[in-house]
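Ligands are counted one by one from 1 in listed order, and the atoms in each one are counted from 1 as well. Start at 1 with the first residue, then count along the sequence. In what follows, every heavy atom counts, from backbone to side chain, and hydrogens, waters and symmetry copies are set aside.
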Amino acid sequence: MAGAMSDVFSAVVGQEHAVGLLRHHAAHPVHAYLFVGPTGSGTAEGARAFAAALLCANQGCGECDSCRRVLSDSESDVTWVTRHGLNWSVSEFAEAERISRRRPLARFQIVILEDIQLSDGQTGKLLKILEEPPTNAIFILTAENLPESLVTVVSRCVEVPFVALSEEAIVDYLVRDGYATLAARAAAAAAAGDLRRARVLVRDRAFSDRVHLWQSLPDTLNGTHATSARVVKEIFEALDVAVEPLEEIQKEELQRLIDNAKSVGLRTVTGRKDIETRHKREVRRFRIDDLRFGLRSLADVYHQRLIAGLEGMGDKDPRATSQTQAAVTAIELISDTSQRLSVVNEELLLTNLIVHLANV
Ligand SMILES: [Zn+2]
């Protein structure tokens with residue numbers, strides 16, 4: 001396995017088991033794969049690397065023209081099908097099928113669909129494709145989790161599990177990438193196994209200010225409308241700053257794709273519009289994740305108050321019961337807000353939460 005350290009799979013961090021499976025399958029592929037792993041575990045990087053390995057004469061050397069084309073998303077035999085709405089639609093699955101029936105220029109027609117857990121139970125069409133796949137087609141599906149509705153789809157695929165990265169693995173990666181150990185630790189601790197998020201946070205100079213903003217809320221809120229409105233405004237201003245490092249990373253990645261494409265004689269990246277759609281979706285996703293993280297930091301403060309209140313009740317402190325009750329109410333409100341974040345307008349939700357918290 002000469003050159004294994006620098007081949008296409010080196011982009012897949014901390015997933016030795018998955019990479020081992022994929023190396024094996026690159027030489028003996030079947031028709032369909034399902035990469036299952038939480039956000040930031042690298043399923044997209046895994047899909048790109050595996051596609052490159054499938055088409056490369058050397059199982060993914062990372063250096064040949066074929067590898068370069070795949071790694072720059074410019075290989076015509078590899079298609080990332082775009083999901084336009086919140087969930088996959090039947091017509092998008094039909095589009096995937098149409099692409100899979102194209103005759104490949106080289107060995108395989110590879111079709112990639114990400115986040116297929118977002119299919120709202122409409123997996124019949126997908127299942128049908130997987131039951132009778134075209135001879136040269138290989139499907140790479142990814143999912144963050146496996147809802148009941150996907151059980152039959154799973155049965156048609158080789159499942160490749162991706163694990164949430166350990167804090168240590170993330171710290172190692174960031175330190176190797178040139179960041180100071182202390183900054184790497186803070187980012188890894190806040191990223192909950194999501195390498196992508198850790199890479200954004202480690203560049204984020206306003207990160208600790210944002211944590212402080214959330215944690216100081218219980219003391220800031222005084223029940224006046226003006227204060228609540230100001231706090232909501234501050235949260236969303238901080239959020240706009242928080243996505244800047246992600247947008248920087250996306251710009252760098254797009255540039256790398258373009259450079260890669262140029263190195264094989266292309267003018268630019270073929271699927272540029274789709275890449276931009278994916279980037280916008282990722283930004284939206286990051287905002288939600290960051291709000292959830294903020295809400296968790298806020299809930300921590302009320303948890304501490306709850307514990308202090310319970311201790312006070314033991315000591316027969318007369319204020320302890322109401323303090324405990326207020327903390328419980330606050331924690332419930334925060335948890336409810338966090339759960340509804342991705343389906344309801346977040347500014348509305350947050351405003352509502354802040355107004356209620358000010359009165360507990
Ligand atoms: Zn190659």
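- With sequence neighbours excluded, the residues forming a ring-ring contact (aromatic ring centres under 6.0 Å, His included) with Tyr33 are His25, Phe50, listed by chain and number.
- Checking Thr39 against Glu144 by side-chain atom types alone, a donor-acceptor pair falls below 3.5 Å.
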Show, in sequence, the C-alpha distance, side-chain angles and deciding distance for Phe293 and Phe207, and conclude whether the ring-ring contact (aromatic ring centres under 6.0 Å, His included) test is met. CA-CA 11 Å; Phe293 173 74; Phe207 178 54; 5.7 Å; yes
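- Every ring-ring contact (aromatic ring centres under 6.0 Å, His included) that His28 has, sequence neighbours left out, goes to His24.
- Taking Tyr173 as the reference, nothing meets the ring-ring contact (aromatic ring centres under 6.0 Å, His included) condition, with sequence neighbours excluded.
- In this model, a donor atom of one side chain and an acceptor atom of the other lie less than 3.5 Å apart for Thr227 and Thr224.
- Of all protein N/O/S atoms, those under 2.8 Å from the Zn ion (ligand 1) are Cys56 SG, Cys61 SG, Cys64 SG, Cys67 SG, and waters are not counted.
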